[in-house]
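The structure appears below as structure tokens.
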There are 2 protein chains.
Amino acid sequence: MSRDTGGGGSTSAARSRLLTTATRIFYAEGIHSVGVDRIIAEAQVTRATLYRHFTGKEELVLAYLGQADLGIRAQVEAARAGEETAAGEVRAVARSIADGIRSPGFRGCAFLNAVAEYPDPAHPVHRAVLAHRQWFLDTVTELLARIGDAPADGDGRHLVMLRDGAMAAGCLFDPELVCETFLRGVEDVVRSRGA
Amino acid sequence: MSRDTGGGGSTSAARSRLLTTATRIFYAEGIHSVGVDRIIAEAQVTRATLYRHFTGKEELVLAYLGQADLGIRAQVEAARAGEETAAGEVRAVARSIADGIRSPGFRGCAFLNAVAEYPDPAHPVHRAVLAHRQWFLDTVTELLARIGDAPADGDGRHLVMLRDGAMAAGCLFDPELVCETFLRGVEDVVRSRGA
DNA sequence: ACAAAAAGAGACCGAACGTTCTCCCTCACT
DNA sequence: AGTGAGGGAGAACGTTCGGTCTCTTTTTGT
């Protein structure tokens, strides 16, 4: 068990525990306010093991965001699967986002939270957030472009803006009301494109 | 100069410098990542002076948010003044928000940024953010209620959601496009109420 | 003029930070 | 059987953190 196939990404029980723990704690409590001691303690790993797999805390943060990125891409893909129309896919993605907001332990968007702690645009963490956001904007814009003939750029930005607002407010207001408002807004956008 | 009138809030040159500096740095760089040393150095104040005016860093953070709250209330009030209709007031507030997003040095919403660093709902900083947001939601909802006869709660939440999304994306995407999308969304809400 | 408050200067504290180090043990593959 | 990487355990590094302290100087109101 826990053998590296020699390919690209390394895998091991300790590294996996480290990443899972870091993901949980960083998402729930923020990044700057938790030290590596907390993470290695809860991951039941020694300090040396951390620095054997990551060059430092920053790389651990980047791995956390990388994992979050993979998770969201999978979530979007899963939501789109099974839908037959582009409008159906957009609605399914929106429902999936709403489900996340309603989930216990929801603490907002991991990327928006992270970028609030890394305002420097040149910082790798900040850039990772921008990259993820660009992917999401492109994805929903392409999806919307398949509904009707109107240019989709504005509607894509509109949808992302609603999502950002919903993710930000989802852990500050009543999640149920936030989801209702969000889904209604998405429906308006989809209908305005003739679906 | 710099004399306390004996009323409620104390005023002094050093305290004012401290608060101005803290506001600037906390907003631009975050809270947990800047130490009191940075603040006292740039405020040209000694350590003892900080702790003479504030019980600790946390109180300084709360004072920072209090100042930001006052600033936004004044901004909203200024935008509303001179408008003759409720719809005009909503549009003016939205334009004022867009102006902020377009301003150089815009780093998003001070409250959303702060709450990302204080996820604990029981923490005073977190609660200060919730209080500010509740005020803003109430304000725009009351304003929207004066346009048309339909219930305004949903539209108020919709408008706040757009604002949150715009503030979050305003320093991550092209501010001009963000403002355009935001103002269009606000216009849709206002028009849907018959204005 | 005088007393009180505010501010400056800087030493100092214990704790936590991220990081590096050595030593030894346990596996898995050759 | 042996070799080398992965991991556990823990000491130690220098730095920074938030916060407290004493002492002196400046300012301010009476």
Side-chain angles (χ1 to χ4, degrees), chain A residues 1-23 25-26 28-65 114 117-118 120 123-125, chain B residues 1-23 25-26 28-65 114 117-118 120 123-125:
Chain A
M1 208 201 309
S2 78
R3 199 63 213 113
D4 190 342
T5 53
S10 61
T11 321
S12 81
R15 186 195 155 94
S16 169
R17 246 180 300 147
L18 223 24
L19 196 44
T20 300
T21 305
T23 294
I25 302 185
F26 283 153
E29 302 183 29
I31 298 175
H32 288 318
S33 59
V34 310
V36 295
D37 295 26
R38 266 285 302 286
I39 292 168
I40 64 172
E42 298 202 21
Q44 298 190 102
V45 162
T46 58
R47 220 177 226 74
T49 303
L50 198 174
Y51 289 96
R52 216 174 276 124
H53 288 284
F54 303 94
T55 61
K57 185 185 181 182
E58 181 180 311
E59 197 173 284
L60 189 59
V61 174
L62 288 170
Y64 150 58
L65 290 182
E117 299 200 54
Y118 292 88
D120 179 7
H123 195 286
V125 171
Chain B
M1 205 204 307
S2 77
R3 198 60 214 115
D4 191 343
T5 53
S10 61
T11 322
S12 82
R15 187 195 154 94
S16 169
R17 245 180 302 147
L18 223 24
L19 196 44
T20 300
T21 306
T23 294
I25 302 185
F26 282 154
E29 303 185 26
I31 298 174
H32 288 318
S33 59
V34 310
V36 295
D37 295 26
R38 265 286 301 287
I39 292 168
I40 64 172
E42 297 202 20
Q44 299 191 100
V45 163
T46 58
R47 205 179 220 72
T49 303
L50 198 172
Y51 290 97
R52 213 174 279 123
H53 288 285
F54 304 93
T55 62
K57 184 184 180 181
E58 180 180 312
E59 197 175 282
L60 188 59
V61 174
L62 289 170
Y64 151 57
L65 290 182
E117 299 201 53
Y118 291 88
D120 178 7
H123 195 286
V125 172

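Chain A is the first sequence line, chain B the second, and so forth, proteins listed ahead of strands; every chain is numbered from 1.
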**OP:** Determine whether B/V125 and B/L62 make a side-chain contact, defined as any pair of heavy atoms from C-beta on separated by less than 4.5 Å.
**Re:** yes
Subject >> Options C/dG10, C/dG18, D/dA9, nucleotide nearest the side-chain atoms of B/A48 >> reply: C/dG10
Subject >> A/Y51 and A/V36, any side-chain heavy atoms less than 4.5 Å apart >> reply: yes
Original post:
Taking atom types as they are modelled, is there a donor-acceptor pair under 3.5 Å from the base of C/dA7 to the side chain of B/R52?
Top reply: yes
**OP:** Starting from the 5' end of DNA chain C, give me the residue, B/A14 or B/R47, whose nearest nucleotide shows up first.
**Re:** B/A14
**OP:** May I ask you to verify if any side-chain N or O of B/Y51 is less than 4.0 angstrom from the OP1 or OP2 atom of D/dT20?
**Re:** no
Subject >> Atom-pair distance (CG on A/L60; C1' on C/dT19), nearest Å >> reply: 14 Å
Subject >> Phosphate contact (C/dA7 OP1 or OP2) by B/H53 side-chain N/O below 4.0 Å >> reply: yes
**OP:** Please check if atom CD in B/Q44 has more than 12 non-hydrogen atoms from other residues, nucleotides or ligands closer than 6.0 Å.
**Re:** no
Original post:
Tell me, do A/D37 and A/R47 make a side-chain contact under 4.5 Å, heavy atoms counted?
Top reply: yes
Subject >> Touch class at under 4.0 angstrom, heavy-atom based, for A/E58 against every strand present >> reply: nothing
**OP:** Answer yes or no: does a side-chain N or O of B/T49 lie under 4.0 Å from OP1 or OP2 of C/dG8?
**Re:** yes
**OP:** Look at the side-chain N and O atoms of B/R17 and state whether any lies under 4.0 Å from the OP1 or OP2 oxygen of C/dG8.
**Re:** yes
Original post:
When you check the phosphate oxygens OP1 and OP2 of C/dG10, does a side-chain N or O of B/T46 lie under 4.0 Å from one of them?
Top reply: no
